[in-house]
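In what follows, a structure is listed as structure tokens, so that the remarks can point back to it.
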Amino acid sequence: MATYRAEDDYDYLFKVVLIGDSGVGKTNLLSRFTRNEFSLESKSTIGVEFATRSIHVDDKIVKAQIWDTAGQERYRAITSAYYRGAVGALLVYDVTRHLTFENLERWLKELRDHTDANIVIMFVGNKADLRHLRAVSTEDAKAFAERENTFFMETSALEAMNVENAFTEVLSQIYRVVSRKALDIGDDPTALPRGQTINIGSKDDVSAVKKVGCCSD
Ligand SMILES: Nc1nc2c(ncn2[C@@H]2O[C@H](COP(=O)(O)OP(=O)(O)OP(=O)(O)O)[C@@H](O)[C@H]2O)c(=O)[nH]1
Ligand SMILES: [Mg+2]
């Protein structure tokens, strides 16, 4: 007989942020991963939204709390609050718009200015289904990711291609880091054993994530 676990029964809670230019597909990646939904007519995000989903990593239940905000400056939430406590980030660009790829540098800088150096980062080239409109090659993106020591994947929220893989890979990498440091987690607010809440006010936000191993294959 299957063992029953309540929906909110989890071993770890990880905060992951989505960032990138407006229109690259952040909100649809989130809805695809958390609800298996996609919308062709989604509106620009205003402020902040978040959604959760739990996955299994090894024998543990990892609950991801994924935050999504606007790519457009005027709609964005307060930056420091958005990043606080994040242990993973998906930096999304649109493979059909080269400028969104060039802007990854700016997003990466903002991310690194606001988070622990060992946060797990993945570049995500979304809209890979638009093959005839491609403006950023896989090779260029891969090379950039290698230079910046981040993970990289191409996705399509529309076709549900690699969306599961991208989030799962980031969460597994965070888990790997945290479990390696399992004895040190203590009361760290970002590697939350179940039953605890996020401590937004803490200064030492990502102390559980001390050593990310390697970042590319
Ligand atoms: N073809 C294709 N279209 C996509 C894909 N993902 C998103 N879109 C479309 O791109 C547009 C923008 O998607 P959003 O998810 O709203 O983009 P966003 O990054 O959240 O934008 P902001 O909230 O303004 O920052 C929508 O019309 C989506 O339907 C994809 O994988 N393929
Ligand atoms: Mg959005």
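Numbering of ligands and ligand atoms starts at 1, following listing order.
- Put simply, T27 gets within reach of the Mg ion (ligand 2), with an N, O or S atom under 2.8 Å from it.
- Close N/O approach between N126 and ligand 1 is found [any backbone or side-chain N/O within under 3.5 Å].
- Under a 3.5 Å cut-off, the side chain of K15 and the backbone N or O of R84 do form a donor-acceptor pair.
- In this pair, Y12 and F14 present their aromatic rings parallel. The plane angle is below 30°, not in the 30 to 60° band.
- Of the candidates E41, E49, K127, R76, it is K127 that places a heavy atom closest to atom 11 (C) of ligand 1.
- Across T45, L133, L30, heavy-atom proximity to atom 23 (O) of ligand 1 is greatest for T45.
- Between the D129 side chain and the E159 main chain, no donor and acceptor come within less than 3.5 Å of each other.
- Within the 4.0 Å heavy-atom criterion, neither part of Y75 lies near ligand 1.
- Nearest to atom 15 (O) of ligand 1 among the protein's heavy atoms is N28 ND2, 2.8 Å.
- Between F152 and Y93, the two ring planes are parallel [angle under 30°; tilted spans 30° to 60°].
- Among protein heavy atoms, the minimum distance from atom 1 (N) of ligand 1 is reached at D129 OD2, 2.9 Å.
- A donor-acceptor pair under 3.5 Å is absent between the side-chain atoms of R32 and the main chain of V163, judged by distance alone.
- The backbone and the side chain of S22 each have at least one atom closer than 4.0 Å to an atom of ligand 1 (non-hydrogen atoms only).
- Tested against D21 for a side chain to side chain contact (heavy atoms under 4.5 Å, CB included), the candidates E102, Q72, R106 yield a single pass: R106.
- Of the protein's heavy atoms, L40 O, 2.9 Å lies nearest to atom 27 (O) of ligand 1.
- Just one of T155, V124, N162, I66 meets the side chain to side chain contact (heavy atoms under 4.5 Å, CB included) condition when paired with F167; it is I66.
- Remark: ligand 1 atoms within the under-4.0 Å shell around heavy atoms of G71 are 22 (P), 25 (O).
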Hey, mind stepping through D68 and K26 against salt bridge (charged side-chain N to carboxylate O under 4.0 Å, His left out) and telling me if it holds? CA-CA 7 Å; D68 174 30; K26 299 180 294 298; 5.4 Å; no

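- Between the N126 side chain and the A157 main chain, a donor and an acceptor come within less than 3.5 Å of each other.
- Using a 4.0 Å cut-off between heavy atoms, L130 contacts ligand 1 through its side chain alone, with no backbone atom that close.
- The proximity of T27 to ligand 1, defined as any non-hydrogen pair under 4.0 Å, involves the side chain as well as the backbone.
- Across the listed options G20, G25, S39, S39 owns the non-hydrogen atom lying nearest to atom 28 (C) of ligand 1.
- Counting heavy atoms from C-beta on, the side chains of L111 and I119 come closer than 4.5 Å.
- Atoms of ligand 1 found under 4.0 Å from any heavy atom of A70, numbered from 1 in the order shown, are 25 (O).
- For the Mg ion (ligand 2), the set of nearby N, O or S atoms under 2.8 Å includes none belonging to S44.
- With atom 16 (O) of ligand 1 as the reference point, the heavy atom nearest to it among S156, A128, S44, S42 is part of S42.
- Below 4.0 Å from some heavy atom of A157 lie the following atoms of ligand 1, by number and element: 6 (N), 30 (C), 31 (O).
- The residue L29 has no part lying near ligand 1, judged by heavy-atom distances below 4.0 Å.
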Verdict with supporting geometry, E169 and M153, side chain to side chain contact (heavy atoms under 4.5 Å, CB included): CA-CA 10 Å; E169 177 69 10; M153 221 173 259; 4.3 Å; yes

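- The protein heavy-atom contact nearest to atom 21 (O) of ligand 1 is G23 N, 2.9 Å.
- The aromatic rings of F123 and F144 sit parallel to each other, their planes meeting at less than 30°, with 60° as the upper class boundary.
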